[in-house]
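Each remark here refers to the structure printed beneath this line.
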Number of protein chains: 2
Amino acid sequence: MNADEERSSRLRELGLTPTIQRLAVLEYLDNTDEHPTADKVYTAIRERFPTISRATVYNTLALLTKSEAIVRLTIDPAASRYDAADSPHAHFFCRICRNVYDIDLPQGSPSLSVADGHKIKAVQTYAYGICAACLKRHKEEKDA
Amino acid sequence: MNADEERSSRLRELGLTPTIQRLAVLEYLDNTDEHPTADKVYTAIRERFPTISRATVYNTLALLTKSEAIVRLTIDPAASRYDAADSPHAHFFCRICRNVYDIDLPQGSPSLSVADGHKIKAVQTYAYGICAACLKRHKEEKDA
DNA sequence: GTGGCTGCAAATCATTTGCATATAC
DNA sequence: GTATATGCAAATGATTTGCAGCCAC
């Protein structure tokens, strides 16, 4: 079973029709580590499927998020970011370049599924600061 | 020094003029635990200061966030929430009633100030699920 | 007096929605 | 054939911005 067939059956298992558009969104997220915004996904996919609409991308991302096939990150105050949901990890947001990076900070442990009587379904850990690339660039500018 | 004077000097220390509007925003956040949206802050303050504008509230919240006098939470996908920045703690978002609660999940420890070469300035831990009140209501509806 | 702050209204930008058409099965 | 999904355009809602007048110091 190739990657495309695997994605089709993943969608079917979720009770979702595996349309070209949904497969394209899943494929794009599977093959990027840049945690794109919805608009970035739209722009990227449109190069291969020029007729896809923004609404379809938004609908698809919402659907896949609800099915837990992908994860929606609210780390960026300006727009939601999306991540192919594989292994749990924390995320880092660079306040200068606005890129999102995976990091290895320990996430809340799965055992902590209840707090103060609230039922916890998911935990996200977000770190904010300046990324390695921007630190380096900043340093070079000072030295120059 | 009363609470109002304390807030005035807090603002002065940050290099900000302690205007009525800014003091009102700070006071409101100091005395609530509901993690309000900007619009909620605006509506609440307007009862005492009917001439305050939405733009001023947004500007003030942005300014106080930048000065680290308050914390902006991106836990709610629909709108930023604001929290008087006292002791670090994690937050819980109820997907049913959309309320935000403080919880005691361990935040990323301060020692983890660098990851993969990124300089970490702040860490936020967000948990998502169903709050105690909504769980209770849901159970009662089933029993009825 | 003047530079920073406020209030207003308009602009912007992400996201959602209604609806007619097209597609999957 | 029918339910479901897509595409388009318009609507919505949070947030930002330009600018003229006002206030703190």
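In what follows, every chain begins at residue 1, and chains take the letters A, B, ... in the order their sequences are listed. Quick caveat: nothing in here was measured; it's all calculated off a predicted structure.
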task = Can you tell me the distance, in whole Å, between the CG atom of L11(A) and the C1' atom of dT4(D)?
result = 14 Å

request  = Using modelled atom types only, decide if a donor and an acceptor are shared between the side chain of H35(A) and the backbone of R81(A) within a distance under 3.5 Å.
outcome  = no

task = Starting from C1' on dG7(D), measure out to CD on Q21(A) and report it in whole angstrom.
result = 9 Å

H91(B) side chain to D83(B) side chain, donor-acceptor N/O pair below 3.5 angstrom = yes

inquiry  = For residues 59-70 of chain B, which residue pairs pass the side-chain hydrogen bond (donor to acceptor under 3.5 Å, both in side chains) check, not counting sequence neighbours?
reply    = none

task = Have a look at the helix from dG1(C)-dC25(D) to dC25(C)-dG1(D) and give the angle its two end axes make, five pairs each, rounded to 10 degrees.
result = 40°

key: Hydrophobic cluster membership, L73(B) vs F93(B), 4.5 Å side-chain cutoff   = yes

ask   = What parts of residues 58-72 of chain B reach DNA chain D, counting only heavy atoms under 4.0 Å away?
value = Y58(B), N59(B)

request  = Decide whether Y42(B) and R46(B) meet the rule of one side-chain donor and one side-chain acceptor closer than 3.5 Å.
outcome  = yes

query = From I70(B) CD1 over to L26(B) CG, what is the distance, rounded to the nearest 0.5 angstrom?
reply = 7.0 Å

inquiry  = Within the 4.0 Å heavy-atom criterion, would you say A55(A) contacts the bases, only the backbone, or no part of the nucleic acid?
reply    = base

task = Can you measure from SG (C94(A)) to CD1 (I75(A)) and round to the nearest 0.5 angstrom?
result = 10.5 Å

inquiry  = Let me spell it out: for each of T17(A) and P18(B), pick the nucleotide of DNA chain D with the closest heavy atom. Which residue's pick is nearer the 5' end?
reply    = T17(A)

message = Reading DNA chain C from 5' to 3', where do the contacts with chain A start and stop? Cut-off is 4.0 Å to heavy atoms.
response = dA14(C) to dC25(C)

Touch class at under 4.0 angstrom, heavy-atom based, for T56(B) against every strand present = base

inquiry  = How long is the straight-line distance from CG of D76(A) back to OH of Y126(A), given to the nearest 0.5 Å?
reply    = 10.5 Å

key: Interface residues of residues 27-54 of chain A with DNA chain D (non-hydrogen, below 4.0 angstrom)   = T51(A), I52(A), S53(A)

inquiry  = Can you tell me how far apart CG (L29(A)) and CG (L64(A)) are? Round to the nearest 0.5 Å.
reply    = 8.0 Å

Gap between atom CG of D4(B) and atom OG of S9(B) - 0.5 Å precision = 10.0 Å

task = Return the set of residues passing side-chain hydrogen bond (donor to acceptor under 3.5 Å, both in side chains) with R12(B) (not counting sequence neighbours), or none when no residue passes.
result = none

ask   = With ring centroids as reference points, do H118(B) and Y101(A) lie under 6.0 angstrom apart?
value = yes

inquiry  = Expressed as a whole number of angstroms, how long is the span from I20(A):CD1 to dA5(D):C1'?
reply    = 12 Å

Under-4.0 Å side-chain N/O to phosphate OP1/OP2 contact, S80(B) with dT15(D) = yes

Check: Y128(B) and I120(A) side chains under 4.5 Å, non-hydrogen atoms = no

